K.L.:
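Sharing a structure, written as structure tokens. Questions coming.
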Amino acid sequence: LINCAAQTNVDRCESEKREAFRLNGEAAGILADACTRKGARMIHISTDYVFDGEKNTPYTEMDEARPISVYGESKLEGERCVASVDADHWTVRVSWVFGPDRPSFIDAIVKRALTEETVSAVCDKFSTPTYTADLSKNLPLLFAMGAKGGGVIHLTNSGQCSWQEYAQYGLDCCREIGLPLRTVSVGPLHLSDMDNFVARRPANSVLSSSRFSAITGTVPRPWREAVRDYIMSSYTKS
């Protein structure tokens, strides 16, 4: 079982704490228990937001989780619930997820660039995009290990970027395929400018996927390649 269910609205979690902990915490433990009783393996999807963002280098699985939002706290509770049920279950932390079938940050940027003359994104928040098409290919490698392993593991595309750099590269790809953008440049914002944010966000939540690579022998491809593939496959059909 791969559990992708979650309350991922970071700001909503601040006002709906009970809902966040039931969906992101308690439910994960219930699913883990059901899997164990059925003799099944489980992969539970977690998040980079379990970290406080104070580290200047990529986070590894050995770093202490210190969430600074209710969302992060509830997702960390889910990790603990899964681990308390069965050490053979996996918790996979991802970040900045994008892909088909559900609008994401990159889709919002493209939509704005098609209709607005000014587009901006935060330049002092860093992480790594995670392409769902790549994630869906890589996750089964953990099941393929049979009974070996379990615990927390990080899995994103490789590299790192700011929201501004991420957005700019997305628009560069759109320009390459000839989308009629009204702007081709993404201006800078700072986290301190984001008055609409209710919850705190970690400034740096880059995850190191080196443990996944060591275990599976697979190195996730660079985020730029993944973003380009997504733009080419999704927006050339428009």
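Values in this document were obtained by computation on a predicted structure and should not be read as measured data.
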K.L.:
Is it true that the side chains of Asn3 and His44 contain a donor and an acceptor less than 3.5 Å apart?
P.N.:
yes

K.L.:
Mind telling me whether Trp163 and Phe197 have parallel, tilted or perpendicular rings, with 30° and 60° as the class edges?
P.N.:
perpendicular

K.L.:
Quick one: are Asp134 and Tyr230 in side-chain contact, heavy atoms under 4.5 Å?
P.N.:
no

K.L.:
Do you know which of Asp48, Asp52, Thr156 makes side chain to side chain donor-acceptor pair (under 3.5 Å) with Ser205?
P.N.:
Asp48

K.L.:
May I ask you to decide if Gly72's main-chain N or O and Ser69's side chain share a donor-acceptor pair within less than 3.5 Å?
P.N.:
yes

K.L.:
Using modelled atom types and a 3.5 Å cut-off, is there a donor and acceptor pairing between side-chain atoms of Asp11 and backbone atoms of Ala199?
P.N.:
yes

K.L.:
Determine whether Arg93 and Thr47 satisfy the following criterion, side chain to side chain contact (heavy atoms under 4.5 Å, CB included), listing intermediate values before the conclusion.
P.N.:
CA-CA 5 Å; Arg93 291 174 180 153; Thr47 177; over 6 Å; no

K.L.:
Is Thr183 close to Thr118 at the side-chain level, that is, under 4.5 Å between some pair of heavy atoms?
P.N.:
no

K.L.:
Do the side chain of Asn157 and the main chain of Arg221 share a donor and acceptor less than 3.5 angstrom apart?
P.N.:
yes

K.L.:
Should Glu54 and Arg66 count as an ion pair when the cut-off is N to O under 4.0 Å?
P.N.:
no

K.L.:
In the structure I gave you, are the side-chain heavy atoms of Asn24 and Tyr71 within less than 4.5 Å of one another anywhere?
P.N.:
yes

K.L.:
Report the C-alpha distance between Glu225 and Val227 in whole Å, list the side-chain angles of each, state the deciding distance to 0.1 Å, and finish with yes or no for side chain to side chain contact (heavy atoms under 4.5 Å, CB included).
P.N.:
CA-CA 6 Å; Glu225 289 184 18; Val227 169; over 6 Å; no

K.L.:
Taking atom types as modelled, find out whether Ser95 and His154 have a side-chain donor-acceptor pair closer than 3.5 angstrom.
P.N.:
no

K.L.:
Quick one: are Val10 and Arg201 in side-chain contact, heavy atoms under 4.5 Å?
P.N.:
yes

K.L.:
May I ask whether Val70 and Ile68 are part of the same hydrophobic cluster, defined by side-chain heavy atoms of I, L, V, M, F, W, Y residues being less than 4.5 angstrom apart, directly or through others?
P.N.:
no

K.L.:
Please report the C-alpha distance between Glu19 and Arg12 in whole Å, then the side-chain angles of each, then the deciding distance to 0.1 Å, and finally whether the salt bridge (Lys or Arg N to Asp or Glu O under 4.0 Å) criterion is met.
P.N.:
CA-CA 9 Å; Glu19 174 189 85; Arg12 176 183 171 85; 2.8 Å; yes

K.L.:
Should Leu171 and Leu114 be counted in the same cluster of Ile, Leu, Val, Met, Phe, Trp and Tyr side chains packed under 4.5 Å apart?
P.N.:
yes

K.L.:
Using the ring centroid of each side chain, check whether Phe105 and Phe98 are separated by less than 6.0 Å.
P.N.:
no

K.L.:
Between Lys111 and Glu116 (salt bridge meaning N to carboxylate O under 4.0 Å), is one present in this structure?
P.N.:
no

K.L.:
With heavy-atom distances below 4.5 Å as the criterion, would you say the side chains of Glu165 and Arg224 are in contact?
P.N.:
yes

K.L.:
side-chain contact (heavy atoms from CB on, under 4.5 Å) with Leu179: which of Ile231, Thr236, Val110?
P.N.:
Val110

K.L.:
When rounded to the nearest 0.5 angstrom, what distance separates CG in Asp86 from CG in Asp33?
P.N.:
9.5 Å

K.L.:
Checking the side chain of Asp193 only, and the main-chain atoms of His190 only, is there a donor and an acceptor separated by less than 3.5 Å?
P.N.:
yes

K.L.:
Under a 3.5 Å distance rule, please check whether Arg175 uses its side chain to pair with a backbone N or O of Pro180 as donor and acceptor.
P.N.:
no

K.L.:
With clusters defined by side-chain heavy atoms of hydrophobic residues (ILVMFWY) lying less than 4.5 Å apart, directly or transitively, does Val97 cluster with Leu23?
P.N.:
no

K.L.:
Would you compute the distance between atom CZ of Arg80 and atom CG of Leu76 and round it to the nearest 0.5 angstrom?
P.N.:
4.0 Å

K.L.:
Between Thr216 (side chain only) and Leu141 (backbone N and O only), is there a donor and an acceptor less than 3.5 Å apart?
P.N.:
no

K.L.:
Answer yes or no: is there an ion pair linking Arg182 with Glu117, defined by an N-O contact shorter than 4.0 Å?
P.N.:
yes

K.L.:
Tell me whether Ile45 is reachable from Tyr59 by hopping between hydrophobic residues (I, L, V, M, F, W, Y) whose side-chain heavy atoms are closer than 4.5 Å.
P.N.:
no

K.L.:
Checking Arg41 against Phe143: charged group under 6.0 Å from the ring centre and within 45 degrees of the axis?
P.N.:
no

K.L.:
Using only atom types and a distance under 3.5 Å, with no angle test, would you say the side chain of Gln168 pairs donor to acceptor with the backbone of Val186?
P.N.:
yes

K.L.:
Does Leu189 reach the side chain of Cys123, with side-chain heavy atoms less than 4.5 Å apart?
P.N.:
no

K.L.:
Hey, what do you get for CZ (Arg18) to SG (Cys13), rounding to the nearest 0.5 Å?
P.N.:
14.0 Å

K.L.:
If I take atom OG from residue Ser74 and atom CD from residue Glu77, how far apart are they, to the nearest 0.5 angstrom?
P.N.:
9.0 Å

K.L.:
For Lys55 and Asn204, indicate whether the former's side chain and the latter's backbone hold a donor-acceptor pair under 3.5 Å.
P.N.:
no

K.L.:
Please assess Arg22 against Gln7 for the test side chain to side chain contact (heavy atoms under 4.5 Å, CB included), listing each intermediate value before the final yes or no.
P.N.:
CA-CA 9 Å; Arg22 290 188 69 189; Gln7 171 53 273; over 6 Å; no

K.L.:
Would you kindly say whether Ser46 and Glu79 are connected by a side-chain donor-acceptor distance under 3.5 Å?
P.N.:
yes

K.L.:
So, for Trp96 and Trp223, is the gap between ring centers shorter than 6.0 Å?
P.N.:
no

K.L.:
With a 4.5 Å cut-off on side-chain heavy atoms, are Pro100 and Tyr131 touching?
P.N.:
yes

K.L.:
Does some side-chain heavy atom of Thr36 sit less than 4.5 Å from a side-chain heavy atom of His89?
P.N.:
yes

K.L.:
Once you round to the nearest 0.5 Å, how far does SG of Cys35 lie from CD1 of Ile30?
P.N.:
12.0 Å

K.L.:
Is it true that a side-chain atom of Ser208 and a backbone atom of Thr60 form a donor plus acceptor pair closer than 3.5 Å?
P.N.:
no

K.L.:
In sequence, state the C-alpha distance, the side-chain angles, and the governing distance for Ser127 and Gln160, and then conclude on side chain to side chain contact (heavy atoms under 4.5 Å, CB included).
P.N.:
CA-CA 5 Å; Ser127 196; Gln160 63 185 71; over 6 Å; no

K.L.:
Same hydrophobic cluster for Tyr166 and Val206, using side-chain heavy-atom links shorter than 4.5 Å among ILVMFWY?
P.N.:
no

